[in-house]
Amino acid sequence: MSLIQALLLGVIQGITEFLPVSSSGHLAIIENLFKIETHTGLLFNTVLHLGTLAVIFVVFRQDLKKLLLEGCKSFYELYGNIRIYFHNRNQQDAKRYKKIISNNYRKLLLLLFVSTIPTAFLGFLFQDFVAQAGKNLLAPAMGLFITGILLLVVDFFPAGGKIPKDVTYSMAFLIGVCQGMAVFPGISRTGITIAVCLLCGFNRKFAVKYSFLMAIPSILGAVLLELFQFPYTGENTEILIFAFFAAIIAGIVGYFCVKGMLVLMRKKRFRIFSIYCFLLGIVAIICNFV
């Protein structure tokens, strides 16, 4: 792999990450068509996500600030409730406990935690299978067809109005399972999570926000796992450096694209992306046999 090829993949990542068209599917197709060998398994593509992850931090910085603040308050009140428990037990008192999940941001934080559990389990379980699947064009093509079908279905589904206080933890777990399935190349993480959120009755704006916020722990966890397992040889380390440069390009491109992409996804226009996924999947299958 050359630096130019790495930067090209960074541009592809930046454009496709915020659309429900599978950035991993695009990367797998480009790598196969142009015979780009990263020699790093899933690590190169995972590091690319760091660039677009930085964009998520910028776009949703106010929400993240509130989540962090409410999370700290929750832990403080949990500690207070533990003290109340021992006080009541020792003093035979009936002092009342504080309600910990007392607003939407605290509920959202807990929902995101529940969603992360199955995602982490499935990502770890299927990492070797996913690495092999990305080495041919048929696997991302099948994933793109699955994404296309989901997007087509959800476009005809009536809009819901659920916000964090209306969402159950079983829904959050289901969404986490679906995000875990998106490690398969061609299945769009953004597409499948937003689609399932909408099918569960989420408010459209909240569905988009939830999808991007739940990407943060999953991407960070995947990067840490891949870095921990990475064999640091001379050639591999050079490609890893290329990957970090590509991640910077992905972040820059993603920053200039994300606003328009978020507007598109908040509108009922998923069939456009569905058609695109079908067409790209067909092209990938044709290229596989040519």
Side-chain angles (χ1 to χ4, degrees), residues 8-34 36 42 45-46 48-49 51-53 55-56 59 130 133-134 136-157 175 178-199 204 207-212 214-215 218-219 222 246-247 249-251 253-288:
L8 170 64
L9 294 176
V11 172
I12 298 297
Q13 169 68 21
I15 294 173
T16 57
E17 173 63 19
F18 299 105
L19 289 176
V21 294
S22 180
S23 60
S24 64
H26 280 75
L27 293 175
I29 290 171
I30 295 296
E31 287 169 7
N32 279 282
L33 285 179
F34 293 97
I36 300 173
L42 295 175
N45 292 357
T46 304
L48 280 187
H49 282 79
T52 44
L53 182 63
V55 179
I56 296 176
V59 173
V130 171
N136 66 81
L137 288 169
L138 286 179
M142 294 301 103
L144 285 165
F145 286 143
I146 293 171
T147 299
I149 292 169
L150 271 172
L151 295 176
L152 193 61
V153 169
V154 78
D155 217 15
F156 293 96
F157 206 79
I175 296 166
C178 293
Q179 180 174 242
M181 292 168 56
V183 297
F184 189 84
I187 297 181
S188 168
R189 192 208 64 80
T190 302
I192 193 171
T193 52
I194 291 179
V196 174
C197 283
L198 293 175
L199 291 174
R204 184 169 288 268
V208 173
K209 180 186 293 186
Y210 192 83
S211 172
F212 284 116
M214 69 187 294
S218 65
I219 292 174
I249 294 298
V253 173
Y255 178 78
F256 287 105
C257 295
V258 66
K259 292 293 185 180
M261 294 175 178
L262 288 174
V263 170
L264 282 173
M265 284 191 294
R266 285 169 180 167
K267 295 180 179 179
K268 200 170 184 178
R269 296 291 184 273
F270 285 107
R271 71 190 70 181
I272 299 172
F273 302 116
S274 174
I275 294 170
Y276 175 82
C277 288
F278 288 137
L279 292 176
L280 184 60
I282 292 170
V283 169
I285 290 175
I286 292 173
C287 291
N288 184 74

Task: Contact summary for L144 and S22, nearest pair of heavy atoms - done: CD2-CB, 4.2 Å

TODO: Decide yes or no for I146 and F184: does some side-chain heavy atom of the first lie under 4.5 Å from some side-chain heavy atom of the second?
DONE: no

Task: Value rounded to 0.5 Å, distance of CG in L48 from CD1 in I12 - done: 10.5 Å

- [ ] Can you measure from CD (E31) to CG (N136) and round to the nearest 0.5 angstrom?
- [x] 12.0 Å

TODO: Measure the shortest side-chain to side-chain distance between I282 and I286 over non-hydrogen atoms and say whether it is less than 4.5 angstrom.
DONE: yes

Task: Inter-residue atom distance L27.CG - Q13.CD, 0.5 Å rounding - done: 5.5 Å

Task: Spacing of K209 atom NZ and C197 atom SG [to the nearest 0.5 Å] - done: 12.5 Å

Task: L151 backbone acceptor or donor facing D155 side chain under 3.5 Å - done: no

Open item on the list: Whether the side chain of T190 engages the backbone of E17 through a donor-acceptor N/O pair (distance < 3.5 Å, no angle test) should be reported.
Closed with: yes

TODO: Provide the closest heavy-atom pair for V21 versus C277 in the form atom of the first, atom of the second, distance.
DONE: CA-SG, 3.9 Å

Open item on the list: Looking at every non-hydrogen atom in both residues, tell me the closest pair between F278 and G148 and how far apart they are.
Closed with: CZ-C, 3.5 Å

- [ ] Examine distances only and state if a side-chain atom of S218 and a backbone atom of A215 form a donor-acceptor pair shorter than 3.5 Å.
- [x] yes

Open item on the list: For a side-chain contact (heavy atoms from CB on, under 4.5 Å) check, start with the C-alpha distance between L198 and R204, then their side-chain angles and the critical distance, and finish with the verdict.
Closed with: CA-CA 7 Å; L198 293 175; R204 184 169 288 268; 4.0 Å; yes

Open item on the list: Taking atom OH as the centre, does Y255 end up with more than 12 heavy-atom neighbours from other residues, nucleotides or ligands that are less than 6.0 angstrom away?
Closed with: no

- [ ] Rounded to the nearest 0.5 Å, what's the gap from CD1 on I192 to CG on L150? Could you check?
- [x] 5.5 Å

- [ ] Measure across V130 and P185 and return the closest heavy-atom pair with its distance rounded to 0.1 Å.
- [x] CG1-CD, 4.0 Å

Open item on the list: Using only atom types and a distance under 3.5 Å, with no angle test, would you say the side chain of R189 pairs donor to acceptor with the backbone of S211?
Closed with: yes

- [ ] Give me the one residue out of L152, V153, I194, I275 that meets side chain to side chain contact (heavy atoms under 4.5 Å, CB included) with F270.
- [x] I194

Open item on the list: When you compare the side chain of F18 with that of I56, does any pair of heavy atoms fall below 4.5 Å?
Closed with: yes

- [ ] Quick one: pull up OG1 in T16 and CZ in F273 and give me the separation to the nearest 0.5 Å.
- [x] 12.0 Å

- [ ] Provide the closest heavy-atom pair for L19 versus S188 in the form atom of the first, atom of the second, distance.
- [x] O-OG, 4.0 Å

Open item on the list: Ring-plane angle category for Y276 and H26, please: parallel below 30°, perpendicular beyond 60°, tilted otherwise.
Closed with: parallel

Task: Worked verdict on I285 versus F145 for side-chain contact (heavy atoms from CB on, under 4.5 Å) - done: CA-CA 11 Å; I285 290 175; F145 286 143; 3.4 Å; yes

Task: Which atom of A284 lies closest to which atom of L137, heavy atoms considered - done: O-CB, 3.6 Å

